[in-house]
Structures are given as structure tokens and as C-alpha cells.
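Note on naming: letters A, B, ... go to the chains in the order of the sequence lines (proteins, then strands), and numbering restarts at 1 for each one. Note: hydrogens, waters and symmetry copies are ignored here, and every other heavy atom, side chains too, is used. Keep in mind the model is a prediction, meaning the values are calculated, not measured.
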Amino acid sequence: MSPRTKFELKPGMATREAFGRALVELGRENPNVVAVDADLSKSTYTHFFAVEFPGRFFSCGIAEANMVGVAAGLASAGKIPFAASFASFAVNKGFEQMRVLVAYPGVNVKIVGTHCGISIGEDGPSQMATEDIALACSLAGFVVLSPADEVSMRALVRAAAAHNGPVYIRAGRPKVPVIYPPSQSFEIGRSVELTGGTDLTIVATGLLVAEAIRAADQLAAEGVSARVLDMHTIKPLDTDAIRRAAAETGALVVAEEHLAEGGLGVRVAQAVARTHPCPMEFVGLADTYAESGTPEELLDKYGLTARDVAAAARRVLARKR
Amino acid sequence: MQRTNNVQELNAICKRVRRHIVQMIGAARSGHPGGSLSAVEILVTLYFDVLRHDAARPDWPGRDRFILSKGHGAPVLYAVMAECGYLPVEELATLRKLGSPLQGHPDKRFLPALEASTGSLGQGLSLALGMGAAARLDGAGWRTYVVLGDGECQEGQIWEAAMFGAFHRMGNVCAIVDYNKIQLDGFVKDIMELEPFRAKWEGFGWNVIDVDGHDIAALQGAFAAAASTTDRPAVIIAHTVKGKGVSFMENNPKYHGTAPTPQEVEAAMKELA
């Protein structure tokens with residue numbers, strides 16, 4: 001019989017709110033932490049920081065290119081700026097500034113993109129970031145983080161501030177389950193094994209981590225032992241854990257709330273190809289844009305639920321045999 | 001290094017800098033002479049009179065910051081920095097060569113004394129304002145200066161930053177527009193007119209100072225006027241001549257991004273003797 005998941009899923013807050021709360025804690029501890037925002041502080045939760053530290057909060061208006069540039073200037077003069085907006089605007093509109101003003105000189109800027117993926121819901125595709133992982137990972141030297149719950153977000157915001165260099169942090173709009181106990185520690189670049197398993201490994205990030213845990217439970221009921229890895233750091237990738245997973249379980253499913261072409265999946269596939277080639281399947285958004293709807297309806301329609309992860313697991317097991 | 005507010009001495013330095021620019025771009029066989037030559041008096045006045053800096057201590061926290069947002073003007077910046085002692089004058093001959101600290105556009109990784117890596121137009125003003133915000137948070141007295149191209153002001157980010165600067169009352173930031181009226185494809189007025197340029201900056205809430213960008217005494221006065229207003233940022237619109245100092249390059253769009261031939265270098269050096 002396969003082992004059950006180590007961690008029980010309990011109701012929790014949105015990762016964007018966890019970011020906003022963690023930023024305030026950081027602000028209390030370090031006067032060099034500052035925030036810049038582009039008229040979305042009530043949605044990105046940087047307004048907690050703005051209320052407590054008005055002198056260290058810079059409203060940029062709806063001008064993301066300038067927001068990233070101002071953050072780069074603040075960082076160049078010794079500050080630790082967190083620049084936050086919807087991921088679709090911070091990354092897509094601020095991308096060239098992230099490249100030339102942040103990545104290229106290696107400046108200590110933290111970009112936080114909230115409302116990632118399609119789970120933003122009713123607002124529709126213009127507000128949805130489904131390519132931000134691909135874009136951020138293409139920037140040399142950037143660390144790319146995608147926490148799954150409030151505990152890991154809080155820890156990884158702190159890790160991002162302690163890391164001297166560019167970081168992109170992906171945060172979601174909907175409330176998500178708490179996966180981890182408060183004592184859990186996290187390290188940039190080191191994944192967390194949530195479930196031991198021997199038949200296959202599910203590598204998940206962000207919102208799909210909880211879905212992967214649920215899928216592992218479903219598979220366990222069928223007698224399948226699935227290992228689940230929370231790949232909270234997408235860059236630099238934990239290639240050791242991936243190599244071990246490929247070698248020890250012989251089949252991988254990668255699950256993410258992002259375009260399947262260009263996200264975590266292709267990065268894991270590259271690592272697998274270089275170390276221990278094995279059958280792989282991918283759960284992610286197909287080559288399309290989503291639509292308006294409730295988050296639950298959209299995740300269901302576009303194939304990003306535990307059911308879809310379990311189905312991918314069955315497919316990859318069939319190929320393994 | 002030599003600091004001076006003497007106009008005659010500053011003009012002599014300008015002549016040396018122009019000779020460096022022509023020689024280094026000629027040797028590199030590529031680069032942007034026109035917009036380097038137009039900004040010579042602006043940078044020489046800044047580095048030898050206005051900026052508080054020390055070539056022996058490029059990381060001095062209290063230094064004023066300088067950003068060349070129009071990064072294609074790198075040769076004038078490198079030549080002025082060499083004259084200040086940030087690098088040996090002989091090193092100017094390595095411009096654009098593999099491994100040189102003098103990259104085609106300013107690159108902090110190769111020349112750490114630079115404040116910024118630039119080259120993608122429209123970005124330096126945001127950077128300067130972020131630096132100014134940091135200085136203000138620290139209660140530090142250093143100022144930030146940023147040179148923009150005129151064509152560069154066609155970028156939308158310049159105006160995002162202009163709004164930010166006035167709104168946040170960034171009185172410790174001074175922008176200088178090298179208004180030489182020419183960009184790569186031709187005359188600014190034919191590519192995308194900027195006029196009424198002064199009114200645009202005034203409308204955005206900046207302290208606007210028009211000046212002849214080749215008149216050192218006038219530039220000194222403009223920098224003093226810019227520093228005197230502390231409740232809003234200043235922009236000095238420096239009216240300049242593209243290719244200034246080399247007759248066949250002056251006001252000729254060809255020399256925005258074309259290196260002089262060896263014969264042209266020889267002719268230019270005679271004019272700059």
C-alpha cells in the first residue's frame with residue numbers, strides 16, 4: 001500500500017495576501033525594505049506595507065515600466081525594493097526593464113506578480129499571467145519562485161529578501177489550502193518531497209501542488225504509489241531531486257498553472273533528458289487563452305485539477321510499462 | 001583629479017575629449033560619434049565642476065550619481081571618465097573590443113565605476129528617480145544627474161517617469177536633454193516631433209531650464225538653477241549641435257551611428273588640433 005500524504009490540507013489565505021503580510025514583517029525588521037506598486041496595492045496586498053510605512057512606499061500609478069525602473073534605481077542605491085503588480089502587467093509590461101535594468105546588471109530587485117494563472121477567474125485572459133514563468137526564467141540570473149501556500153510564501157519572501165540579486169515571485173488570487181506546518185523550512189532551489197512514492201513522481205508548483213497531493217491520494221486508493229515534489233523554486237531548478245525522482249520512480253508528471261509549453265514542465269524535461277530519460281506527461285494550459293468564469297470552473301474546463309493530474313499519472317504509468 | 005570652474009580650462013578639456021571620441025570610434029570602426037560630440041560640454045561641466053565624485057573612490061556612498069541614459073553616447077562618457085582618472089587614457093583605444101571595459105553601450109559588469117548599464121532608450125530617467133528616492137529615504141545630500149537623448153524622449157517610459165518625478169517631488173534629480181535635433185533616421189521633427197518640448201516638461205510639473213548646450217558658463221548657471229529648486233525635479237533642455245566640433249559631422253544624420261573612416265579621422269583631428 002502506498003504511503004498517504006504527510007500533510008493535511010486545511011483552509012488558508014491567498015498567497016498574495018501571505019506575501020503582503022510577510023512584506024510588512026520584513027519592513028519592521030529591515031528599514032531598507034521598500035515597496036513600489038502600480039495602482040493595485042489593494043489587490044497585491046502591498047497596501048499593508050503602505051499603511052505602516054508610507055514613506056517607504058512609492059505609488060507609480062498605472063506605469064509598470066517606470067515601476068520596475070524606479071525599483072532598479074532604489075536597489076542600485078542600497079534599498080531592497082519589492083515591485084508588485086498583477087503578474088500579467090509587472091512581467092509583460094515591465095519585461096524589458098526587468099531585462100536591461102535588473103537582470104543585466106544583476107540588481108537586487110524583487111518583482112512580485114500576483115493573480116497568476118487562470119484562477120484569477122472572472123476578469124478573463126487580459127488579466128491572467130500564463131507565460132510569466134517562461135519570461136522570468138529567460139532572464140539570466142533571475143531566481144523564480146512559485147510558492148504553493150501561505151507558509152511557503154512567507155518563508156520564500158524572506159528568502160528572496162535575504163538573497164542578493166533579482167527574484168521573481170509568483171502569487172495567486174484565490175484562497176488556497178495550507179499545506180505546510182508553520183515550522184517547515186524552505187530553501188531557494190531545494191524542492192520539498194510531500195509524499196514518498198515509488199511508481200511515479202508528480203512535480204508540481206503553485207496552485208497545482210495541492211491538486212497533486214489530492215491526485216496522489218486518489219492514486220493511492222488505486223494502489224499506485226506517487227511521489228509528490230513541491231517545486232517552489234523554478235529557477236534554479238532542483239535537478240538533483242528530479243534526477244533522483246526519474247531514476248527511482250521511472251515516470252514523471254509535471255503540473256503547473258501556466259502554459260505547458262515554456263513553463264516548469266519544459267525545464268524539468270530538460271533536466272530529465274540530461275540525467276535519466278523516462279516517460280513524462282504534462283499538466284498545464286494548452287496553447288490557448290482561457291476565458292471568464294469562476295476559478296473552479298476554469299480550472300476544471302482547462303484541465304488543471306487533481307482529476308487531470310491523476311489522469312496524466314495513469315497515462316505516464318501506461319507508457320512506463 | 002583636476003576640478004575647475006574655469007571656462008577656459010573646461011573648454012580645453014572639451015577639446016581633448018572630442019579628440020578622444022573621434023579617435024576611439026575611428027579605431028573601433030563602429031559607434032555613434034554625432035551624439036557623443038553633442039554632449040561633450042554637458043559631461044565635462046558635470047564631471048569637472050558640478051558632480052561631487054572621486055575617481056579614486058568610485059564607490060564613495062556620498063557621491064553624486066550620473067547616468068547616461070542615451071547609452072549609445074558611451075564614447076563621451078568613457079573619454080570624460082578617462083580624463084577624470086577612472087581609467088587610463090590609453091584604454092580608450094579598446095572601445096568595443098572583446099573583453100574591454102569599454103563596451104559598445106555602458107555596462108557596469110565590465111566597468112564597475114559606472115552607475116548604470118544603459119542602451120535601451122527610455123529607461124534611465126526611472127532609474128535616476130529611484131536613486132533619488134533612495135537618497136531621500138537615507139536623508140543623504142547626494143544628487144542624481146541623467147542625460148537623455150532627444151529622440152529618447154519619444155519613449156513612453158520617459159513620460160511615466162516624468163509624472164513620477166513631479167508627483168514625488170524629486171528635487172534631488174536633474175535631467176539634461178541633449179537636444180541635438182537629430183536621431184538615427186533623420187531630423188527629430190521629421191521622425192516624431194517633440195515640440196512644444198519645453199511646454200511638455202512644464203506641463204508635467206518640472207522646473208525647465210533652456211540653455212545653449214555648448215556654452216559652459218550657461219551650463220554652469222543652469223546646473224545651479226536646477227539645484228536651487230528642491231520641491232520638484234529639474235530638466236535642462238540643452239540645445240546642441242549633433243557632431244559638434246567636426247565640420248562634416250555637424251548636423252548630419254549620417255554620423256548618428258556611422259564611424260569616421262581613417263581619412264575622416266585625420267581630417268577631424270586637424271580641425272580639433
Side-chain angles (χ1 to χ4, degrees), chain A residues 27 30-39 49-50 53-83 85 89 93-111 139-141 165-166, chain B residues 59-67 69 71 103 105-112 114-140 142-144 146 155-170 172-173 204:
Chain A
N30 187 343
N32 280 328
V33 170
V34 300
V36 292
D37 203 290
D39 189 42
F49 187 94
F53 307 105
R56 286 152 59 189
F57 176 83
F58 296 92
S59 166
C60 295
I62 307 168
E64 294 78 9
N66 182 56
M67 175 182 76
V68 175
V70 167
L74 284 158
S76 302
K79 301 300 169 191
I80 305 172
F82 281 75
S85 185
F89 308 138
K93 293 191 181 189
F95 183 71
E96 214 249 342
Q97 290 71 23
M98 285 171 66
R99 178 175 181 271
V100 178
L101 295 180
V102 180
Y104 166 43
V107 172
N108 193 22
V109 170
K110 320 301 168 187
I111 307 285
L139 297 171
Chain B
D59 55 355
W60 171 37
R63 71 193 184 279
D64 288 336
R65 267 58 165 185
F66 176 80
I67 300 166
S69 189
Q103 296 284 296
H105 291 76
D107 186 338
K108 273 170 76 153
R109 299 174 306 162
F110 287 84
L111 186 57
L114 292 169
E115 300 291 355
S117 299
T118 54
S120 175
L121 295 175
Q123 300 186 346
L125 188 57
S126 304
L127 201 58
L129 291 162
M131 290 181 183
R136 193 164 67 190
L137 281 175
D138 288 341
W142 52 267
R143 292 173 56 77
T144 304
V146 54
E155 289 277 6
Q157 189 183 346
I158 291 291
W159 304 101
E160 293 184 4
M163 274 187 279
F164 181 97
F167 178 75
H168 289 287
R169 300 179 172 275
M170 302 303 306
N172 59 4
V173 173
F204 277 76

Student: Could you go through the side-chain contact (heavy atoms from CB on, under 4.5 Å) check for A/F53 and A/V33 one step at a time?
Tutor: CA-CA 10 Å; A/F53 307 105; A/V33 170; over 6 Å; no
Student: Taking every heavy-atom pair that is under 4.5 Å apart, which of B/L137, B/D138, B/L129 has the most such pairs with chain A?
Tutor: B/L137
Student: What part of A/E96 is in contact with chain B, defined as an atom under 4.5 angstrom from a non-hydrogen atom: side chain, backbone, both or neither?
Tutor: both
Student: Find the one option among B/G122, B/P61, B/S120 whose heavy-atom pairs under 4.5 Å with chain A are most numerous.
Tutor: B/S120
Student: Who wins among B/R136, B/M131, B/M163 for the most heavy-atom pairs under 4.5 Å with chain A?
Tutor: B/M131
Student: For B/S117 and A/Y104, which heavy atoms make the closest approach, and how far apart are they?
Tutor: CB-CE2, 3.5 Å
Student: Among A/L101, A/V36, A/V107, which has the most heavy-atom pairs under 4.5 Å with chain B?
Tutor: A/L101
Student: Would A/L74 and A/F58 satisfy side-chain contact (heavy atoms from CB on, under 4.5 Å), going step by step from the backbone distance to the final call?
Tutor: CA-CA 11 Å; A/L74 284 158; A/F58 296 92; 4.1 Å; yes
Student: Sort out for me which of A/M67, A/R56, A/Q97 touches chain B most, counting heavy-atom pairs under 4.5 Å.
Tutor: A/Q97
Student: In Å, rounded to the nearest 0.5 Å, how long is the span from CG of A/N66 to NZ of A/K93?
Tutor: 13.0 Å
Student: Nearest 0.5 Å please: distance from the CH2 atom of B/W159 over to the CG atom of B/L125.
Tutor: 9.0 Å
Student: A/P105, A/A75, A/G61, A/A63: which one forms the most heavy-atom pairs within less than 4.5 Å of chain B?
Tutor: A/A63
Student: Quick check: do A/V109 and A/P166 have side-chain heavy atoms less than 4.5 Å from each other?
Tutor: no
Student: Stepwise, does the side-chain contact (heavy atoms from CB on, under 4.5 Å) test hold for A/K110 with A/I80?
Tutor: CA-CA 8 Å; A/K110 320 301 168 187; A/I80 305 172; 4.0 Å; yes
Student: Please classify the contact of A/V68 with chain B as side chain, backbone, both or neither, using a heavy-atom distance under 4.5 Å.
Tutor: neither
Student: Answer with side chain, backbone, both or neither: which region of B/P112 has an atom nearer than 4.5 Å to a non-hydrogen atom of chain A?
Tutor: neither
